[in-house]
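Worksheet: one structure, shown below.
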Protein chains: 2
Amino acid sequence: MSQAGPAVDLDTSVGYRLKQATAVLHAAMEDVLRPLGLSITQYSTLELLAQRPGMSSAGLARGAFVTRQSMSLVLQGLESGGLVVKQERPSVGRVLPVELTAAGRERLAAASAAVRSVEDRMRSGFDDGDARRLAALLDRCVEGLRG
Amino acid sequence: MSQAGPAVDLDTSVGYRLKQATAVLHAAMEDVLRPLGLSITQYSTLELLAQRPGMSSAGLARGAFVTRQSMSLVLQGLESGGLVVKQERPSVGRVLPVELTAAGRERLAAASAAVRSVEDRMRSGFDDGDARRLAALLDRCVEGLRG
DNA sequence: TGACTCATGTCAGGATTCTGACATAGCCTC
DNA sequence: GAGGCTATGTCAGAATCCTGACATGAGTCA
């Protein structure tokens, strides 16, 4: 590389590292969720519903970083599996609140434990405060890109 | 949340923050690459080829975190656009080396500049050393998950 | 030499997600 | 009340990526 190098060096690029870490995390989560019959998006949706019961499909889509159309299909899968229920009548406007069923909460408990183990493995090389520092840095990335 | 909370709290989960940052970065990169007629995977492939000319399709797939099958389609698109060329004779084994064309290098230069601006924006809230610290933390995540 | 293992390239099929478009309901302003 | 704006839910179609499978070429070892 004695010539003029590219404007982006993959070895030092934060974006590339981010993509790599996400890819590895994605694979690890798929490995532990597959035995439970859940995809990552399905798990994320259940986790969101546990923290915000009655959330709208559009809201879940934003929280899971997918489109409304994709979340609609995800919810169809979860509903046919008996893990969530969609109210038939709109609460306000066109919003059809979604909620976890007992089976959904049960499945989520197992999935959360599995994902927790993956997160612990991911932080296995961390010192005290590293997780907090990493979260803060990632937040600043998001703010910088949105501002 | 006075009841027993879930094992994973999205507000403090490193994995969720990682997913969020990646999603925002992904959207920002798509925005700047769309005018250039490149997808993120196509751009990543060009960048890899610039740093490792003659790389195999399978190698590019690993570097871009997709399957060989997906990379094969990506290369078809790039080749039909005249940005890369695939040698017809295997160099060793079944490896068909791929290389950038002059048009590919030109397009990559514009794309690299655009992506560089996105990376700069992402690091706009960073102090000295923050980028290095973030890269180191992400590396430790990858090591932890792989070990 | 022959069997085994691994990596590469490719074909076929399916799953997931996306873009584009439309109708409906609430909110705000005039 | 009328119009404009936004958000939600849905339908239709296309693009992207994946899993599974197969054949080929190279290296290893009995």
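- Side-chain atoms of B:Q51 and B:L48, non-hydrogen and from C-beta on, never get closer than 4.5 Å to each other.
- Under 3.5 Å, the side chain of A:R94 and the base of C:dA23 form at least one donor-acceptor pair of N or O atoms.
- Applying the side chain to side chain contact (heavy atoms under 4.5 Å, CB included) test to A:S91 and every residue at least two apart in sequence or in another chain returns A:V95, A:P97.
- Atom CE of B:M55 and atom C1' of C:dT8 are 13 Å apart (whole Å).
- Of all heavy-atom pairs between B:Y43 and B:A111, the closest is CD1-CB, 3.7 Å.
- Protein chain A contacts DNA chain D over a range whose 5' and 3' limits, counting nucleotides with an atom under 4.0 angstrom from a non-hydrogen atom, are D:dT8 to D:dC11.
- Taking the C1' atoms of five terminal pairs at each end of the helix from C:dT1-D:dA30 to C:dC30-D:dG1, the two resulting helix axes are inclined by 30°, rounded to 10°.
- By the side chain to side chain contact (heavy atoms under 4.5 Å, CB included) test, A:S117 pairs with no residue at all, sequence neighbours left out.
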Exercise answer: donor-acceptor pairs, residues 18-38 of chain A side-chain atoms, under 3.5 Å, sequence neighbours excluded:
residue: A:K19; atom: NZ; partner: B:S44; partner atom: OG; Å: 3.3
residue: A:T22; atom: OG1; partner: A:L18; partner atom: O; Å: 2.8
residue: A:T22; atom: OG1; partner: B:T22; partner atom: OG1; Å: 2.7

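- Follow the hydrophobic side-chain contacts under 4.5 Å out from A:L96 and you never reach A:L49; the two are in separate clusters.
- Side-chain nitrogen and oxygen atoms of B:R89 include none within less than 4.0 Å of the OP1 or OP2 phosphate oxygen of C:dG9.
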Without placing hydrogens or testing angles, list every side-chain donor-acceptor pair under 3.5 Å for residues 130-147 of chain B, not counting sequence neighbours.
residue: B:D130; atom: OD1; partner: B:R133; partner atom: NE; Å: 3.4
residue: B:D130; atom: OD1; partner: B:R133; partner atom: NH2; Å: 2.9
residue: B:D130; atom: OD2; partner: A:R140; partner atom: NH1; Å: 2.9
residue: B:D130; atom: OD2; partner: B:D127; partner atom: N; Å: 2.8
residue: B:R133; atom: NH2; partner: B:D128; partner atom: O; Å: 3.2
residue: B:D139; atom: OD1; partner: A:R17; partner atom: NE; Å: 2.9
residue: B:R140; atom: NH1; partner: A:G125; partner atom: O; Å: 3.3
residue: B:R140; atom: NH1; partner: A:D130; partner atom: OD2; Å: 2.9

Sequence neighbours excluded and cut-off under 3.5 Å, please list the side-chain donor-acceptor pairs for residues 61-71 of chain A, or say none.
residue: A:T67; atom: OG1; partner: A:S70; partner atom: N; Å: 3.2
residue: A:T67; atom: OG1; partner: A:S70; partner atom: OG; Å: 3.1

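- Rounded to a whole Å, the CG atom of B:L96 is 18 Å from the P atom of C:dA7.
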Exercise answer: donor-acceptor pairs, residues 80-87 of chain A side-chain atoms, under 3.5 Å, sequence neighbours excluded:
residue: A:S80; atom: OG; partner: A:Q76; partner atom: O; Å: 3.4
residue: A:S80; atom: OG; partner: A:G77; partner atom: O; Å: 2.9

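- In this structure, CD of B:E88 is placed 21 Å from P of C:dT8, rounded to the nearest angstrom.
- Against DNA chain D, the stretch residues 67-87 of chain A makes heavy-atom approaches under 4.0 Å through A:R68, A:Q69, A:K86.
- Sorted by first then second residue, the ring-ring contact (aromatic ring centres under 6.0 Å, His included) pairs that include residues 98-131 of chain B, not counting sequence neighbours, number zero.
- Among residues at least two apart or in separate chains, there is no ring-ring contact (aromatic ring centres under 6.0 Å, His included) pair with a member in residues 77-106 of chain A.
- For the pairing with B:E119, the salt bridge (charged side-chain N to carboxylate O under 4.0 Å, His left out) check across B:R116, B:R123, B:R121 returns one residue only, B:R123.
- In this structure, A:Y16 and A:D9 have side chains that are not in contact, with every pair of non-hydrogen atoms separated by 4.5 Å or more.
- When heavy atoms are screened at a 4.0 angstrom cut-off, A:T41 is found touching the sugar-phosphate backbone but no base atom.
- Looking at residues 16-34 of chain A, you'll see that no heavy atom sits under 4.0 Å from any atom of DNA chain C.
- A straight line from CD1 of A:I40 to C1' of C:dT17 spans 14 Å, rounded to a whole angstrom.
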